[in-house]
**Q** 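Before I ask anything, here is the structure I am working with.
Numbering of ligands and ligand atoms starts at 1, following listing order. As the structure is a prediction and not an experimental result, all values here were calculated from the model.
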Amino acid sequence: MEEHVHHEREVTRGLEGVCAAETRISYVDGVNGQLYYSGYNIHDLAERVSFAEAVYLLWHDRLPTAKELAEFRSQVTATMRLPAQVIKAIELTPPSSHPMDVLRSSVSILGMFDPDAQDNGEAANRRKATRLLAEIPTIVAALHRVRKHEPVLSPDPHLDIAANFLYMLHGRAPDEPAARAMDLLLLLHADHGLNASTFAARVAASTEADMHSALTAAVGTLKGRLHGGANERVIEMLFGIGGVEMVQDYIHGMLAEGHKIMGFGHRVYKTEDPRATHLRRTSETLCQRAGQEHLYEISHRIEQTVKAAKGIYPNVDFYSATVQHALGIPKEFFTSVFAASRAAGWIAHILEQYGDNRLIRPTSKYVGQYGRELVPLAERG
Ligand code: ACO
């Protein structure tokens, strides 16, 4: 009999509470319901700085000067246009494929066309960072145009990232309130500690894989309904419920059957997610403007019912669903819009990982068998 040294190991399911990296990028204070980007409270950033300023902050650990911001904005806008081959690849995707699958594959394809594809140096990575941030919203908008059999639009150099995205999506520049709401949505989703997709990005980066590979891993990880995929399910739930008077029965029925309510609960927040505070307010305003008050009312009633029944709070995905719907974004694109914003955080973390790297390679507790007798193929019954 073979001897096996078996160290008693505690397995932390889902790595809950495990501290796996040092970071300066963002801090999620789950007990007090606070979120900080590079030391700035999200409540101070929301509606006072633009998404572009927040991205600069996450990438440089300081806010830009007016000159730096103008330069950064024009660099991003100048690189929003996609290589023709990537548009062609998007056109070739099956019409039934999910936008997150198209985004995941497009980010991967972009890597092969990137002029710095084989260069993993600091300067090349900074260039790739700007290009990727710029290209992802264009992929999402281009796919929407292709699916509607409408021409893919080039970015408008006079518009910033949020307004450009809505312009390329709808074919007309958004009005001021819509552009502002879009910018806020992007800002609020930009980074969030060591969440699952960011962890995936850092794991890939820790092998010294290139930035496009790490981002492809992150997009795939965001897709799941326990992470960024929840926002699409939220709007489906709102449509499914139909009216405020049906909310109580629906929620109690779902909970009694042991189902989770999409857009609720969080691994870290044990109180209100500060991003939900801003998105709730924006949802109310935008739903009113769009004549969709009933969707906000249903959402609000769901929030009260889930809180009373389970003591859990809405997360970022809950009110972002109605905000995106009111902005005319189709539900199957919701998670890819989230990705267009979170790309900022993923990139910041990838750069941070490259800057002080050690391979991320945890271990597992083996609970299988030992010493099994090998039966040759011909004798296996
Ligand atoms: N609806 C009903 N009950 C819930 C919910 C929910 N949305 N979320 C958590 N709970 C309950 C669980 O059933 C569990 O109860 P129990 O202890 O009685 O069994 C308890 O709260 C703890 O939940 P876990 O699933 O163990 O918490 P975990 O930290 O593993 O999961 C997660 C967090 C995945 C976000 C979970 O809350 C969930 O599935 N929510 C719904 C999906 C969702 O909205 N995801 C988006 C998260 S935000 C983001 O990623 C961008």
**Q** Apply salt bridge (charged side-chain N to carboxylate O under 4.0 Å, His left out) to Arg281 and list each qualifying residue two or more places apart in sequence or on a separate chain.
**A** none
**Q** What residues, two or more places apart in sequence or in another chain, satisfy salt bridge (charged side-chain N to carboxylate O under 4.0 Å, His left out) together with Asp101?
**A** Arg104, Lys223
**Q** Aromatic ring centroids of Tyr269 and His192 under 6.0 Å?
**A** yes
**Q** Quick one: OG1 on Thr198 to CD1 on Ile347, what's the gap to the nearest 0.5 Å?
**A** 11.0 Å
**Q** Report all protein residues having a heavy-atom distance below 4.0 Å to some atom of ligand 1; order the list by chain, then number.
**A** Arg225, Leu226, His227, Ala230, Leu255, Lys260, Ile261, Met262, Gly263, Phe264, Gly265, His266, Arg267, Lys310, Ile312, Asn315, Val316, Asp317, Phe338
**Q** Between Tyr36 and Tyr27, what is the ring plane arrangement, given parallel below 30°, perpendicular above 60°, and tilted in between?
**A** parallel
**Q** Got a sec, which residues hit salt bridge (charged side-chain N to carboxylate O under 4.0 Å, His left out) with Arg202, two or more places apart in sequence or on another chain?
**A** Glu352
